[in-house]
Protein chains: 2
Amino acid sequence: MSTIKDVAREAGVSISTVSFAINGTAPVAPETKKRIFETIERLNYQPNSAARGLVTRKSNNIGIFVPHPDSSIFTFSGNQLFANLLQGIGEVAGEKGYNLLLAWDRPDKEKPSKVIELARSGSVDGLLFLIPNHDHTIIDQLIEIKFPFVFMGNHYSDKPVDSVDIDNFQASYECASHLLKLGHKRIAFISPGPLDFLVSEDRYEGYSSALKDAYIEPDERLFYVGDDSKASGYRAMEHFFASGESPSAIVAGRDVQAVGILKYAKERGMDIPRDIAVVSFENSQLAEMYDITSYSTDLYVIGNNAAKMLFKLISRKKERQPQNVVIPSELFVRGSCGSVSRNDPLS
Amino acid sequence: MSTIKDVAREAGVSISTVSFAINGTAPVAPETKKRIFETIERLNYQPNSAARGLVTRKSNNIGIFVPHPDSSIFTFSGNQLFANLLQGIGEVAGEKGYNLLLAWDRPDKEKPSKVIELARSGSVDGLLFLIPNHDHTIIDQLIEIKFPFVFMGNHYSDKPVDSVDIDNFQASYECASHLLKLGHKRIAFISPGPLDFLVSEDRYEGYSSALKDAYIEPDERLFYVGDDSKASGYRAMEHFFASGESPSAIVAGRDVQAVGILKYAKERGMDIPRDIAVVSFENSQLAEMYDITSYSTDLYVIGNNAAKMLFKLISRKKERQPQNVVIPSELFVRGSCGSVSRNDPLS
DNA sequence: ATGAAAGCGCTAACAA
DNA sequence: TTGTTAGCGCTTTCAT
């Protein structure tokens, strides 16, 4: 592998001139420049990233911190959406000449966190978090060393932390309101994940606020903790109908849960949306396939904005107030909630 | 950020002793070692990866080269499978203290390939390829500089290149054979993707070999180029039934295509499997959900083996013959092919 | 417009 | 067992 020294020798100039030509950090005579780039081409020279990083104190990597792949939240809604997120991030990173380092934390809690290690070792210049809840220890350490990071699909209420997300409270409020407007009174709620996920909390609060604004007290019998499976939607239905307070409508946490609801309904001969109206989140392919009304969560836009924000943080001169960017999103009304006519699941 | 110098000073030893203690590259007295690690802890010291990399000539990163995220093949079968692949790779990488660098190529072909750049700049110590076909230019360059890389879910027939994959020829042969054994004569084939994807080629060859071995000549009217959409399965059916040679069975390329087939059949009042038997690939959640007979493609195992192989290549002493590792996989028989009783799509 | 040289933080050969 | 020191390949200041 050739070095800048080789290029300098072959081109008959000093190494600083080569560096100036490559980085444009000082004027270089046109013919000298031409000679240098020809030699670079000929020798297949590529600056060593470690050497460069040692001087510039930049790695040109940004870390994307995700949950452990075998945790269900990782796929974040089953399908396309992680790819969308990556594309949103990648477009910005590519433009800036940055690479993407994918990392998740070690299962064993004894070793220091992988993120902190990456930050402290200078392996990444900034971090993008795609995690459902907060590890205060990690956040505090990052803040202490003033390391740039942005939360995606999440925000942080306790500390001033930058984030990009949809407004889950508002979204959930709208979902419930939509059902209320259709005349429903007994509206059940399924959380998208465990209750310590901030998204679950925000959604529940949006839902219950909508109900309260309509003078309906949320009934805890119509509350169920769901997860990233069809089965959790199915089980939620079993739970609701065994609770003594059968719902006439459901705010599901994920499209895949809604599919489980559809299954339950079909087995019991219930009609969607006549007997049970369903509204969900994600607006994924599943929602389209099964004609489910669903609130969009555009991960491409979230990733794109988060990456842009991170690069601002990385190159910032002075301190700045953290921002919580809210991505616009909306309810895609389909057949499952009764406002429009219903299509067949397989059509 | 503290450096090795700070640690040495604070612990009252030389920097080499600190280095020896950290890396275990020379014996260090127990009490000295203790003092050093206490200081490291106290200063929150973390070795700078660039400085270390500059000396050791290793980045401790491996690159995962994937198609551009907005290409449909990226998600590689819709859902969980990319996560499975990452987990398979991540387990091995984590063990070795390696990070994962995710990269895809630039859309504009003018700039040099991102992979080559990563390899030449020393940003990664090895590469894992998850791409459906081959860019000879890239491969040739990597081979020339003896850069370690492994193909996943693919192999390379022209050049000696390491790879980990299932045997797509064999898999497809078995799928067709299964249908032949059930008495089918008019068996159609849908490719999982464009024909220049090696997987498409291998699958078609397996399929046609099975037919030929049963003295049936593959009918080009029963051949369709599919993609990663439900619609392509649906369109394939339209094509077959307009061709004048209606099939009695289909070898679909992906589970999502099979769902499109189901939709077509349902609309025309055809019964699956009575009128049309369906066999597919991936054995994904969709296959389970729709009770589709499907051939498994376990990306966790593929990723795991590919990563192990890559680390062998990275640390190899002498040249070695490239290996093409074949991952065991099998046909999961469900209701869609007529060998077992059929469940309802939503159950 | 170009060159000489210092030094980024670390490892490892060599000396003690 | 520990310390001294020479680079690794690059950027950048300071001369010229």
- line: Separation of D:dT2 atom P from B:R9 atom CZ, nearest Å, is 19 Å

message: Tell me the interatomic distance from B:N60, atom CG, to C:dT11, atom P, rounded to whole angstroms.
response: 11 Å

field: A:I40 CD1 - D:dC10 C1' separation (whole Å)
entry: 13 Å

message: Taking NZ in B:K34 as the centre, count heavy atoms belonging to other residues, nucleotides or ligands within less than 6.0 Å. Is the count above 12?
response: no

Please tabulate, one pair per line, each protein N/O and nucleotide N/O from nucleotides 1-4 of chain C that are separated by under 3.5 Å, including the distance.
residue : atom : partner : partner atom : Å
C:dT2   : OP1  : A:T32   : OG1          : 2.5
C:dT2   : OP2  : A:A29   : N            : 2.8
C:dG3   : OP2  : A:S14   : N            : 2.6
C:dG3   : OP2  : A:S14   : OG           : 3.1
C:dG3   : OP2  : A:T17   : OG1          : 2.8
C:dG3   : N7   : A:S16   : OG           : 3.1
C:dA4   : N6   : A:S16   : OG           : 3.1

message: Heavy atoms only, 4.0 Å cut-off, all strands: where does A:S19 land among base, sugar-phosphate and nothing?
response: base

task: Compute the ring centroids of A:Y98 and A:F311, then answer whether they are less than 6.0 Å apart.
output: yes

- prompt: Should the ring pair A:H136 and A:Y156 be called parallel, tilted or perpendicular, given that the plane angle runs from 0 to 90° and is split at 30 and 60?
  reply: tilted

- prompt: In whole Å, what is the span from the CE atom of A:M1 to the C1' atom of D:dC8?
  reply: 15 Å

query: Does atom NZ of A:K114 have more than 12 heavy-atom neighbours from other groups under 6.0 Å away?
result: yes

message: If the condition is side chain to side chain contact (heavy atoms under 4.5 Å, CB included), which residues does A:T17 pass it with, not counting sequence neighbours?
response: A:V13, A:S14, A:V28, A:T32, A:I36

message: From CZ of B:R52 over to C1' of C:dA12, roughly how many Å is that when rounded to an integer?
response: 13 Å

